[in-house]
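Computation of the quantities below employed the complete heavy-atom set of this structure, encompassing side-chain atoms and omitting hydrogens, waters and symmetry-equivalent molecules. Numbered from 1 within each chain, the chains take letters A, B, ... in sequence-line order.
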Amino acid sequence: MTATKSKIYPILAILTALFILAFGLVMAKNIKAFCFIGGVFLLLCAVGCYRACLRVLPVMLIFAAVFGGISYLARRDVAAANAMGVRLLIIGTAMIPGMSVAPVDLTRNLNQMKVPKGITLGMLIALNFAPLLRLETKRVREAMKTRGAGSLLNPKVLYRAFLIPFVTRLVNISDTLALSVETRGFTLEKTETTTYKTPKFKATDAILILCLIAGAVLTVVI
Amino acid sequence: MEEHKEKIFQKYKIKDIVFLAVLSAVMLLTGGVMPLVTSVPLFGIIQLVLALQFSIIPAIGLMKVRKPGALVFIALFSGVVLIFMFVPMFFCLSVCAVLAEVLSILIFRGYRKDIACWFAATVYLPLSLPFLLIYFRIFGFASNGAAVQALTNPVWWVAVLISLAVLALTALGAFIGVKIAKELQKSGVMKK
């Protein structure tokens with residue numbers, strides 16, 4: 001058995017995200033929340049999530065600036081605009097731990113915890129299918145253009161030329177996928193299985209927990 | 001009695017789980033607008049923007065996988081990412097899925113009839129309106145954004161209007177979902 005390549009222990013990543021989200025939203029109206037977000041961001045970079053941090057940073061800054069700006073223009077209240085900015089920065093920061101964990105590692109972790117196989121399989125598929133579905137949507141739209149179907153804003157066109165072919169593709173994809181899963185010996189029964197790679201709880205995970213708790217306490221106390 | 005019970009509660013197959021998971025992935029993609037509207041100060045704005053997609057997709061899922069628990073599976077699978085967007089909504093939708101399933105089983109004794117699928121898909125999202133109101137009143141998380149503040153202290157006529165609009169949209173969405181599924185079943189693409 002070998003260890004996986006996830007930067008953070010998968011279940012810890014989810015708990016970390018929930019903690020950041022809950023604490024950050026509670027502290028949203030406090031200006032010290034900016035310090036907490038900055039600290040968490042640096043901490044996540046330090047434990048190896050720097051790629052996810054760099055991917056999220058520009059998006060969350062733009063969103064925070066735009067929505068903070070709109071909030072200021074609507075209410076002429078700097079505190080409300082700050083709170084809005086903090087909320088969006090918190091949502092962005094909370095996404096980083098989840099982005100640093102491969103869906104397959106999360107599934108392995110849940111399997112270790114004896115979560116029913118049906119649920120872990122479903123979660124794995126739901127998480128991995130987003131890019132494929134985007135591609136399918138693009139294909140259906142291209143087919144619509146080829147046929148000269150017209151605008152998607154027309155309900156009849158939307159139903160006949162987009163929804164029906166799209167759901168047909170979903171049914172076909174899921175049938176093929178189910179067959180593929182069964183061919184690989186996957187079963188919903190309680191049978192003995194071998195896991196070749198298991199997520200391991202590392203020292204950096206313990207440091208992450210301790211630093212997060214210390215950061216939250218410091219934000220409240222100081 | 002035992003035989004009847006077996007008919008209602010059937011065992012899940014891999015193809016059922018896979019189909020529900022693929023539909024959940026579609027729900028995840030279409031639910032991406034949720035974090036953007038949590039800041040809009042209007043009662044039920046989240047439910048209003050999610051109404052159509054969160055009724056069409058469950059209706060299709062229930063029409064193919066006519067087994068109690070299908071809606072709960074969809075709620076759980078789509079909740080994996082939803083939990084990062086708006087945590088109370090994940091718990092709320094999971095509980096609403098259970099409630100919708102219980103109502104369907106009590107009224108229609110399962111999903112054998114098409115109207116049962118339509119009913120469950122229709123009530124699934126609107127159930128979250130009173131649930132979220134009670135949730136935020138109890139836990140007092142009124143600082144989670146303007147939409148939540150509007151949710152805790154709604155103007156009554158706005159609340160009634162939006163609730164009716166959400167219900168109408170989910171009813172329409174569920175109808176479209178059932179219609180798509182029936183059409184695909186007739187053409188042989190989708191098998192029960």
Side-chain angles (χ1 to χ4, degrees), chain A residues 14 17-18 21-22 25-29 63 67 70-71 74-75 80 83-84 87-88 91 94-95 97-99 103 106 117-119 121-130 132-134 136-137 155 159 163-164 166-168 170-182 186-188, chain B residues 11-30 32 35-36 38-41 56-57 60-61 63-65 69 72-74 76-88 90 141 143-146 148 176-177 179-181 183-185 187 189-191:
Chain A
I14 291 180
L18 288 179
L21 206 59
L25 290 177
V26 169
M27 294 291 290
K29 287 184 176 172
F63 267 86
F67 282 92
I70 291 171
S71 177
R75 296 187 193 182
M84 174 67 75
R87 282 185 202 112
L88 289 162
I91 290 172
M95 284 166 73
M99 286 171 69
L106 180 63
K117 286 177 194 167
I119 293 176
L121 173 72
M123 284 167 76
L124 184 66
I125 293 169
L127 285 169
N128 277 314
F129 253 67
L132 185 74
L133 290 175
R134 274 201 199 102
E136 285 303 327
T137 312
Y159 177 78
L163 283 176
I164 295 283
F166 184 65
V167 178
T168 305
L170 291 183
V171 173
N172 289 339
I173 289 170
S174 71
D175 283 348
T176 313
L177 189 63
L179 202 64
S180 162
V181 166
E182 280 178 323
F186 190 93
T187 169
L188 296 175
Chain B
K11 215 173 179 185
Y12 273 82
K13 293 176 188 162
I14 287 178
K15 66 174 184 175
D16 301 331
I17 300 278
V18 171
F19 184 67
L20 295 175
V22 170
L23 288 183
S24 305
V26 183
M27 263 171 73
L28 279 180
L29 281 181
T30 55
L36 300 177
T38 50
S39 306
V40 180
I56 292 177
I57 298 163
I60 295 169
M63 284 292 285
K64 183 164 179 354
V65 185
V72 177
F73 269 120
I74 292 178
L76 279 178
F77 298 153
S78 56
V80 188
V81 174
L82 211 63
I83 206 163
F84 293 103
M85 292 183 193
F86 189 51
V87 184
F90 163 69
F141 288 157
S143 62
N144 277 7
V148 173
I176 294 170
K179 198 168 182 286
I180 290 172
E183 201 162 317
L184 295 185
Q185 278 165 359
S187 65
V189 175
M190 189 191 272
K191 293 176 189 83

S.K.: Heavy-atom distances under 4.5 Å only: say whether A:Val181 touches chain B with side chain, backbone, both or neither.
M.R.: side chain
S.K.: With rounding to the nearest 0.5 angstrom, report the NZ to CD1 distance, A:Lys117 to B:Ile17.
M.R.: 12.5 Å
S.K.: Quick check on B:Leu23 against chain A: is it the side chain, the backbone, both or neither that has a heavy atom closer than 4.5 Å?
M.R.: side chain
S.K.: For the residue pair B:Ala21 and A:Gly122, what are the closest heavy atoms and their distance?
M.R.: CB-O, 3.4 Å
S.K.: Name the option with the most non-hydrogen atom pairs under 4.5 Å to chain B; the candidates are A:Leu132, A:Leu170, A:Asn128.
M.R.: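 Between A:Leu132, A:Leu170, A:Asn128, the count favours A:Leu170.
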S.K.: Quick check for you: among A:Leu177, A:Val167, A:Ile70, which has the greatest number of heavy-atom pairs under 4.5 Å with chain B?
M.R.: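 Sorted descending by pairs with chain B, the first entry is A:Val167.
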S.K.: Using 0.5 Å steps for rounding, measure from the CZ atom of A:Phe129 to the CG atom of B:Leu28.
M.R.: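 It is 12.5 Å, given to the nearest 0.5 Å.
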S.K.: Tell me, for B:Lys13 versus chain A, whether the close heavy atoms (under 4.5 Å) come from the side chain, the backbone, both or neither.
M.R.: backbone
S.K.: Among A:Thr137, A:Asp175, A:Ile173, A:Ile119, which has the most heavy-atom pairs under 4.5 Å with chain B?
M.R.: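 The option with the most such pairs is A:Ile119.
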S.K.: Could you give the distance from CG (A:Leu133) to CE (B:Met27), rounded to the nearest 0.5 Å?
M.R.: 13.0 Å
S.K.: Heavy-atom distance under 4.5 Å to chain A: side chain of B:Leu29, backbone, both or neither?
M.R.: side chain
S.K.: With the side chain counted from C-beta on, respond yes when B:Val26 and A:Phe166 share a heavy-atom pair under 4.5 Å apart, and no when they do not.
M.R.: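 Heavy-atom side-chain distance check passes, below 4.5 Å.
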S.K.: Measure the CD1-OG distance between B:Ile14 and A:Ser174 for me, rounded to the nearest 0.5 Å.
M.R.: 13.0 Å
S.K.: Which atom pair, heavy atoms only, marks the closest approach of B:Glu183 to A:Tyr159?
M.R.: OE1-OH, 2.9 Å
S.K.: Roughly how far, to the nearest 0.5 Å, is CG of B:Leu184 from OG1 of A:Thr168?
M.R.: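 The CG atom of B:Leu184 is 4.5 Å from OG1 of A:Thr168, to the nearest 0.5 Å.
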